[in-house]
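See below for the structure under consideration.
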Amino acid sequence: MSAGPLAIPSVAARRGAARMSAVSLALWTVRFLVVALVVAGTIGTILKDRYTTAQWFEFVLFGLTIGSLYAQVALGYTMVYGVLRLINFAHGDIMMCGAFAGYFVATPLENSGFLEVHPVLGMAAILAAGMVVSGVIAVLTERIAYRPFRRVQGFAPLICAFGVSFFLEQTFRGLFGSSVKSYPAPKWEGVEFHWAGLSVPGVDLLVIVLAVAFMAVLYLIVQKTRMGMAMRAVSEDGEAAALMGVDVGKVIVFTFALGGAMAGIAGVFYAFLFKQVYFYMGFTPGIKAFGGAVLGGIGSVPGAMLGGFFLGLVESVGPSLFLDGIGIKAPYELRDVIAYTLMILVLVFRPQGILGEHMAKKRA
Amino acid sequence: MAEASLLLCRRLTRRFGGIAALTDLDLEVASGAIHSIIGPNGAGKTTVFNCITQNLSPTSGEVWFRSDRIDGLTPDRVAAAGISRTYQNIRLFRNITAIENLLVGMHLHVHSHWWGAVLGTPHTKREEARAHAEALKLLHFIDLAGRGDLLARNLAYGEQRRLEIGRALATRPKLLLLDEPTAGMNPHETSRMMAFIQRVRAEFDITILLIEHQMRVVMGMSDRVTVLDHGAKIAEGTPPEVQGDPAVIEAYLGVKSAAPTAARDHAASLLGAAASER
Amino acid sequence: MKTLTKAATTGLLFGVGGVYLALVGLLEMMQARPIVFGAVNLGQAVLALLALACGAVAARDAGPAFARAGAGLLGGLLAGALMALLQVIVATVPLQGMFIAASPALRNMLAFGFAPGPGALAMLLGGGIGGLAGAVLAVSVPSLRRAIVAGAAAVVIAGVFQELIQLMIQYEGIIGWIRDFVYTWQGLRPQGAVAIFVIAGGTSLVLSHRSSAGHVPSPDQRRRRRFISAGVALLVLVLMPLLAGAYIGEVLMLVGLYILMGMGLNLEVGLAGLLDLGFVAFFAVGAYTTALLMSGSSIGLLHLSYWEAMPIAVLVSILGGVLFGLPVLGVRGDYLAVATLGLGEIVRIVVLSDFAAPLLGGPQGVLDIPKPSIGSFELGSPVKLFYLTLVCAGVAAFIAWRLENSRLGRAWEALRDDEDVAQALGVNLIRSKLLAYGLGAAFAGLGGSIFATMLGSVYPSSFQLLISINVLALIIVGGMGSLPGVVLGAIALIGLPELLREFGEYRYLFYGAALIVMMRWKPEGLWPSEVRSRELHAAAGEAEPVAAMEPG
Amino acid sequence: MKTKLLVACFGLALLAGAWWPGPARAATSGPVTDPLGVIRIPKGAPIVIGGYWVLSGPDTALGLDEKRAVEVAIHDIGGNLLGHPIEFQAEDDQCDAEGGQTAATKLASIPNMVIVLGPACSSAATPAAPILWQAGIVDIGTACTAPSLTAPDRKATYDGFVRTVFSDNDQGAFDAHYIYDVLKLKTAVAVHDGSPYAEQLAHVFAGAFTQLGGKVLSIEAVSPTEVDMHPVLTRIASEKPDVIYMPIFVAASAQILRQAKEIPGLQHALIYGGASLMAPDMIEAAGPAVVGFHIGYPDVSPTSMGKTYPKLVSEYTKMFGEAPISGFHANAYDGATLAFKAIAAVAKTDSAGSLYIGRKALRDAVFATTFDGTSGPIACDQYGECAKFKGAVFEYTNADPKTFKIGVNPKKIWP
């Protein structure tokens, strides 16, 4: 396994081996394969000419819609990672909590007809419920499960986050049952817009626009308010910020509340789009949103938004664009594979993401 | 290349983003010497270490060790070539015992395969016994006999420093890089550490490259001193030579070379002996 | 005043805990499992336990005995009040549309069968009495307290696992007579419960008297005692399926499989510090390789026998582990966890997909996998396969133990603590990490291989992310890096839930809670790995002069 | 030294364990001789009957419905058989292979287990049936429809397995026939969700539809928890099918129904689902989009079911406070009836009042018994297929979950 120091092979051979080790060869093979696959698939699809322009437009639109939700959830990951260097694995489940809260407000509102008559007020109430419940649960989670680990290195916080994720999911299953609950569908959301032969469902448009608006508000909070600035300072260097008189504990609570509220909004939108609420709904979107956060550069707020949108887009367009072209049957079955692959590629090849600085090493 | 020099850095440069931590450094360490690197905070001293051991790959420049070029190798190959180091903020394997830390250091010199360990072959057993005996000797040498079964994190500060040096020695290096071995020590402990370092050189017959802040240590035991400032070498020579160098005084006091003699004298005395007050 | 506040807070907290248990549906489910047939069920026992614990905690450091009793009473009353309130609300407000567990059955249980009003009063009183009793118990003589707790625990175990115990004592004669005295077919008899309580409590009393007269055991003695008890536990494990039959064999077989996987993941996580959440992929590789090599169905490849297929499966798993590890070599810490999670999911989805179906069978899986046989002796039943698993787990444990104490094991531990430093000391990161992935995968692949032949069929749905989580949870609960911890964790997290099947839906609730609780209060696990003493183990000879140690 | 001793003990015990003789099969007991063993039930002791279905998780309704039907069957014969009380012990198989194996092992280890009913899922039945048969116990499947379980080339280890439910082959052929011959629709896309049931049925349908002359444009797959169906539907729309055939489960099919309305080019395609979508949950989950949705299902209208079906439904409703919650209760009821009839046919009582049942004899009796069941005539062929598929097509007509009633909403539209 190891040679004594005197038995070193010739310099040239060693240098060659170091520069082009088996590992980097393997990694280059991976890169090459992925690029080849994407290019071949794209060319194949273009040659097949199976989809119309309108259909491509739809792939993009639906991708952006789900991407806007990933982006909102990704924000929570990114902010928490920034201040605590912790992957809050339960964040997807916090989104689920918001969706449930929204459901228990939306259903009576719809049944009483209020939501039909006053869409704006009704939506505001539903969103508020989602925000508050998710925010409160996020803060409680921090208090109970994460605070004791603030100074702990290693796996403990991440494993605890796993525990929280299970606990939240199973608690909601126990409380509200494992059946899929159906979100109300007020009549006004069935509107469709038509333009130049393309049709846009009103809900999708509403979700994208509102999501972007809420994210803009969050961006302003982070950039302009005292608390937001304190948060960025803690992200940058927690100890220095503490020395400058920033109350780190308060900042962390604020971060969780903000991220939780954002996830709550995402949960309500998610439920409005897909009309389903159940206890396990947050897990997969949560992981994907984390992928989005990594993609954009974890720790960076604009990065998370960008990454979320990008992930949604690739997931929606990818199977048709890349996989269809190389003749894979039932490509949408492999949709999650595309999302996970993208996430792993970023983690392996560019852990700092599109916009982020290199944070991956700070914790390790 | 001179026959006597063990390590040679040529035009070594390292940039972080746009900032140069190290610019065109030429460094030559003579075989058997104690060679110190000094300089104000942020002068790029630890970066030199990282670029030698390849924890950081240099942006440009070359590093030669004995007759081999070692930049571009992975750190474990650098260790195999015969360079070992300690860290400014002690980096022991905290969750294993002291003696196991030493055994990890012997990794390169225990010749056994994992399947040999699984099967319990006589060869493996022999190797383990040999490594064990060697570790015990080393433990004795670093004055930790009887404390070997304590977890590294439970050792006292000075013991941790010595254990880290012991671990580095366990790799049987030709060149030992010590990054501020006396940091955080009182004068008494510092003296003991100095004696210990001398003993290391004598007993193991190795070359030592030292980063140090305490001038008493540097001036008291170095054969040669290199002074860095802002990532560049500003002076090099024997301790007395360096002590008198105006550029060095300027770097330490931030005064122009045309400064009054009094200030220069003050600086020289500071560099020379002031540290002994600590 | 402070005592009062503390007692009140404790009471409220326990009350909230009780309300949580009720609304999440656990209490009602526990009610269905009798402890003493016709008298006490598990739900009531848990309520009582809550009240007692509440009283005991409220009374802690409350000063003089009467103050303690008062604190316990107050805490219990408050907890009872919350539960009573819940009962009244469930009775008056139709909550079940929202909380599915808020059923009339639950209300009835919380009211002890009375109408809402008297029921609330009963709960309040019950809480108070329980709290008081808990406080009294907390201040009573330790040996007495221990005896009562031991007796009660014995009764609960004998009652809750009555089905199982009865299966084990299906004999005539004296055992039959004892069985009929203690049990009816449906559960524990009251007379049996009393007998068990007295025997267990009495034993505890006698033991505590003896040990109080004795001495504190030395570390060496303790180690020997541990060693012996581990040996006894192992023997029991070996003999248990013979005495208790196929079902216990089946449960133990599952435990054995998880021990095998736990040993593998322990190499990766516990020793090398590589947090791998895609571990199930190796299990799948082992299972599918075995299945494809052995299956008699149309997608079977070679129709090998098990003894030929198993080594190939293990080799393929190792290869899988190395390929899996290659891309993520440079990914560290939390990022590694997420990357491996993604990899594991990719493997599952691809196995399930239509794209790979011509090779792997897609959702229909691979059927018709024969059982292993030695000569003409077929290892057909779960009990026989359990012995195969046990042997494999034993071999795995041996390998893991030897590795742990080897050069490679030390390199792993170094890598876990500080990757950069380990590398600077000459540890080849790539090689060490790939060995960790490969060897970990070997164990999981072996487990998968046994799994395939045990079921005789392999479906993609068996390789969910939850398997990875189960394995991770068991090594964390058991104690990271500790081999006995793996065994203990597997028994606690896999065996126990399998015996309490009706609580299956709550399994992951317990897991979640267990992970949080363990990380907060006992991060080293139930059976932590021991610090190896090397210096003392060596012949304590004088160290020779160091100068003799020539470098190079 | 001590270690070695321990290891030696361990090894010895292991050897002893592996070669410990299994329970000897008493060939003769009382008045009965049987090659597989005889069950002796003393006077007054219960006849133990086992069952295993999915009783937890998302498919609970499927299994619970069948378990309840067996309880109705036991209730209907007064809880007694040949003067012995019936003790019914049901286990949860979680609808997967491991669960099936564990449940079967547990049932097989219960002393004097006479016969076992269930399961609902083929993936559970595949490992479970051989385990039960190895213990000499007959297993009557009540909703597991995989063709392989009763295929002519099935292994001898499945000799003890019969089922009172039809095979997927029949369902798929029926659906293809209806769509191609009755509706005259020529192109289809089949969608499955990766479950063994749906995947099998999608492929059986595709085969049958192609054979009839139709064209299957593609077989797509989604994941059962997928919510965003837009992209896959857009893809399907590019193929312009007349029919989307999706024998999948409630959550995913509700998404497809809803989102297909938003996809240009799919608004007019017929969406046709499988038997698992006959549930009030379906209406709730799909909302208004459910109207017009077709499903192929066993014909449970009183006119085509056995004469006793209405009685089963009313009894079921009386006992459990709600109408049957899923589709295979009649099959389960028939399975229980088959078991009782077979036991009654072979059991012998001695002078002391003890009951003796030969295991091989019981198996043969199950295969030989024929009767008119609530789901139709029951008569097993030599591979254990005891029921014939009699299908119907239903259409949802109302989006209010409260109106769910099999035969009303969804309404039977064919034949």
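The chains referred to below are lettered A, B, ... by the order of the sequence lines, with proteins before strands, and numbering in each begins at 1.
Proximity of A:Glu333 to D:Glu226: side-chain heavy atoms (C-beta onward) are nowhere separated by under 4.5 Å. For the pair A:Tyr270/D:Val227, a side-chain contact is recorded, criterion being any heavy-atom separation below 4.5 Å from C-beta on.
Between the side chain of A:Glu58 and the main chain of D:Ile263, no donor-acceptor pair closer than 3.5 Å is present.
With rounding to the nearest 0.5 Å, the separation of OG in A:Ser182 from CD1 in D:Ile283 is 11.5 Å. If you take OH on A:Tyr332 and CD on D:Glu220, they are separated by 9.0 Å, rounding to the nearest 0.5 Å. A:Leu334 contributes atom CG, which lies 11.5 Å from atom OG of D:Ser223 (distance to the nearest 0.5 angstrom). A distance of 7.0 Å separates CZ of A:Phe59 from OG of D:Ser238, quoted to the nearest 0.5 Å.
For A:Tyr280, no part lies under 4.5 angstrom from a heavy atom of chain D. Of the two parts of A:Arg335, only the side chain, counted from C-beta on, holds a non-hydrogen atom closer than 4.5 Å to a non-hydrogen atom of chain D. When heavy atoms are compared at a cutoff of 4.5 Å, A:Pro184 does not approach chain D at all. For chain A, the nearby parts of D:Ala237 are the backbone and the side chain; heavy atoms of each come within less than 4.5 Å.
Here the shortest heavy-atom pairing between D:Ala221 and A:Ala330 reads N-CB, 3.6 Å.
A search for ring-ring contact (aromatic ring centres under 6.0 Å, His included) contacts involving A:Phe272 returns A:Tyr183, not counting sequence neighbours. D:Phe328 pairs by the ring-ring contact (aromatic ring centres under 6.0 Å, His included) definition with nothing, not counting sequence neighbours.
Counting heavy-atom neighbours within 6.0 Å of A:Lys48 NZ, excluding the residue itself, gives a total above 12. Crowding of A:Phe310 atom CZ: a count of heavy atoms from other residues, nucleotides or ligands under 6.0 Å not exceeding 12. Counting heavy-atom neighbours within 6.0 Å of A:Glu116 CD, excluding the residue itself, gives a total above 12.
Interface residues of residues 252-259 of chain D toward chain A, defined by a heavy-atom distance below 4.5 Å and sorted by number: D:Ala254, D:Gln255, D:Arg258, D:Gln259. Proximity to chain D among residues 61-73 of chain A is limited to A:Phe62, A:Ile66, judged by heavy-atom separations below 4.5 angstrom.
When the candidates D:Pro264, D:Gly287, D:Ser218 are compared by the number of heavy-atom contacts under 4.5 Å with chain A, D:Pro264 comes out ahead.
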